[in-house]
Amino acid sequence: MWEDNSYFWIVLCKNHWFHARKNFFFRHQILLAETDAFASRPPVNRPFKVRCDECGKEYVYRPRELLRVEHDPPESFTPHPLFRDEADPYPGKPEPEKNQSNIGSPMQIERRRATRHLFGVAAEVIDVESRKQITSLARDLSLYGCFVTSKAPFPKGTGVRLKITNSQGNFSAVGHVAFNLPDEGMGIAFVQVEPKNQAVLEEWLAPASGVSGEE
């Protein structure tokens, strides 16, 4: 399922000219904290500073610039101070006690879930390798994934580009097929969502969640 992969909260370094010399097409990701496919966005409601691990530059980031991406665990990693509670729900406890406390605990269960809402909106899913396209409906939409109906869903693990359209606008994301149900459809986990698309998604979900868009 979705929690089998490794995910991190990240920001993208703003020192474009430095990192473009190494990779012109992809911006450098700064890991902030480990997470999973279902965890809610960390409760950060103010700008925060992050120093890049490669170029050494420090920049100010807004909460909306925080992204969740699939990423292989590094050999060594220290969470950003603002996110250490997110990465370690039992700070100060010895490792055996943490492991014992996490087994089946409400916190562990909650971290693997995100509120899903029953939406029936047009969806376009493209296999990034074969370029095969499925046009259908998306439902069970949450901040971190959705279910797309299809009689012939893509296999589990397929990398996809997703576009969802309704009367209010468009939402796009890069993701992968977390599971599929033959003749029914596939669950898609969002792997990378740009800030502008994250804002669109949050705006769509706010009325269903009973959350006001005003700060």
Peer 1: Just verifying a value: how many Å separate R161 CZ and Q192 CD, rounded to the nearest 0.5 Å?
Peer 2: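 It comes to 8.5 Å.
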Peer 1: Which heavy atom of V193 sits nearest a heavy atom of S172, and at what distance?
Peer 2: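 It is CG1-O, 4.3 Å.
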Peer 1: Any donor-acceptor pair under 3.5 Å linking the side-chain atoms of T149 with those of S136?
Peer 2: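 There is such a pair (donor and acceptor under 3.5 Å, judged by atom type) between the side chains of S136 and T149.
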Peer 1: My understanding is that only residues two or more places apart in sequence, or in another chain, count here; which of them pass salt bridge (charged side-chain N to carboxylate O under 4.0 Å, His left out) with E54?
Peer 2: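 So E54 forms a salt bridge (charged side-chain N to carboxylate O under 4.0 Å, His left out) with K22.
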Peer 1: Answer whether the closest heavy-atom distance between the side chains of R68 and Y144 falls below 4.5 Å.
Peer 2: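 In short, these two side chains touch, coming nearer than 4.5 Å.
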Peer 1: For the residue pair L143 and E202, establish whether any side-chain heavy-atom pair is separated by less than 4.5 Å.
Peer 2: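 With C-beta onward as the side chain, the pair touches.
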Peer 1: What distance do K156 atom NZ and F179 atom CZ have between them, rounded to the nearest 0.5 Å?
Peer 2: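 Nearest 0.5 Å value for the NZ-CZ distance: 10.0 Å.
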Peer 1: Check for me, please, whether F147 and L137 land in the same ILVMFWY cluster - side-chain distances under 4.5 Å, paths through other members count.
Peer 2: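 Shared cluster, no.
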Peer 1: From F190 CZ over to Y7 OH, what is the distance, rounded to the nearest 0.5 angstrom?
Peer 2: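 The CZ atom of F190 sits 11.5 Å away from the OH atom of Y7.
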Peer 1: Rounded at 0.5 Å granularity, tell me how far SG in C146 sits from CE in M186.
Peer 2: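 These two atoms lie 8.5 Å from each other.
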Peer 1: In chain order, what residues pass the salt bridge (charged side-chain N to carboxylate O under 4.0 Å, His left out) check against E65, with sequence neighbours excluded?
Peer 2: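 With neighbours one apart ignored, the set is K14.
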Peer 1: Heavy atoms only: give me the nearest F154-I126 pair and the separation to one decimal.
Peer 2: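 Scanning both residues completely, I find the closest heavy atoms to be CE1-C, 4.4 Å.
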Peer 1: Is there a path of hydrophobic side-chain contacts, each under 4.5 Å between heavy atoms of I/L/V/M/F/W/Y residues, joining F48 to Y59?
Peer 2: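 Looking at the clustering, F48 is in the same group as Y59.
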Peer 1: Within a strict 4.5 Å, meaning less than it, do heavy atoms of the I164 and L141 side chains meet?
Peer 2: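 Side-chain contact under 4.5 Å: yes.
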Peer 1: L31 versus P74: any side-chain heavy-atom pair under 4.5 Å?
Peer 2: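 Of all side-chain heavy-atom pairs linking P74 with L31, at least one is under 4.5 Å.
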Peer 1: Indicate the atoms forming the closest heavy-atom contact of V160 with H176, along with that distance.
Peer 2: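 That would be CG2-N, 4.1 Å.
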Peer 1: When you group the ILVMFWY residues by side-chain heavy-atom contacts below 4.5 Å and let the links chain together, are W9 and I30 in the same group?
Peer 2: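 Shared cluster, yes.
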Peer 1: Please work out which of the three classes, parallel, tilted or perpendicular, describes the rings of F8 and H71, given edges at 30° and 60°.
Peer 2: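 Perpendicular.
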Peer 1: Where is the tightest heavy-atom contact between C55 and C13, given as atom of each residue plus distance?
Peer 2: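 Reported closest heavy-atom pair: SG-SG, 3.8 Å.
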Peer 1: Does any non-hydrogen side-chain atom of L162 lie less than 4.5 Å from one of V148?
Peer 2: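 When only atoms from C-beta onward are counted, L162 and V148 do touch, with a gap below 4.5 Å.
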Peer 1: Which of parallel (below 30°), tilted (30 to 60°) and perpendicular (above 60°) describes H28 and H19?
Peer 2: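 Ring orientation of H28 relative to H19: parallel.
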Peer 1: Any chance you could measure R27, atom CZ, to N15, atom CG, to the nearest 0.5 Å?
Peer 2: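 Taking CZ in R27 and CG in N15, the distance rounds to 10.5 Å.
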Peer 1: V121, I134: one ILVMFWY side-chain cluster at the under-4.5 Å cut-off?
Peer 2: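 As far as the 4.5 Å side-chain criterion goes, I134 and V121 are connected within one cluster.
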Peer 1: Are the side chain of N166 and the backbone N or O of G169 linked by a donor-acceptor pair below 3.5 Å?
Peer 2: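 Such a contact is found between N166 side chain and G169 backbone.
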Peer 1: Can you tell me how far apart CG (L201) and CZ (F171) are? Round to the nearest 0.5 Å.
Peer 2: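 Here the interatomic distance stands at 4.5 Å.
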Peer 1: Group every Ile, Leu, Val, Met, Phe, Trp and Tyr by side-chain heavy-atom contacts under 4.5 Å, then state whether L205 and L66 land in the same group.
Peer 2: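 Yes, because L205 and L66 connect within a single hydrophobic cluster, where side-chain heavy atoms sit under 4.5 Å apart.
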Peer 1: Using a 3.5 Å distance criterion without hydrogens, assess whether the side chain of R51 forms a donor-acceptor pair with backbone atoms of G56.
Peer 2: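 A pair under 3.5 Å: yes.
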Peer 1: Does any non-hydrogen side-chain atom of L32 lie less than 4.5 Å from one of Y61?
Peer 2: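 The answer is no, as the side chains (C-beta and beyond) never meet within the 4.5 Å cut-off.
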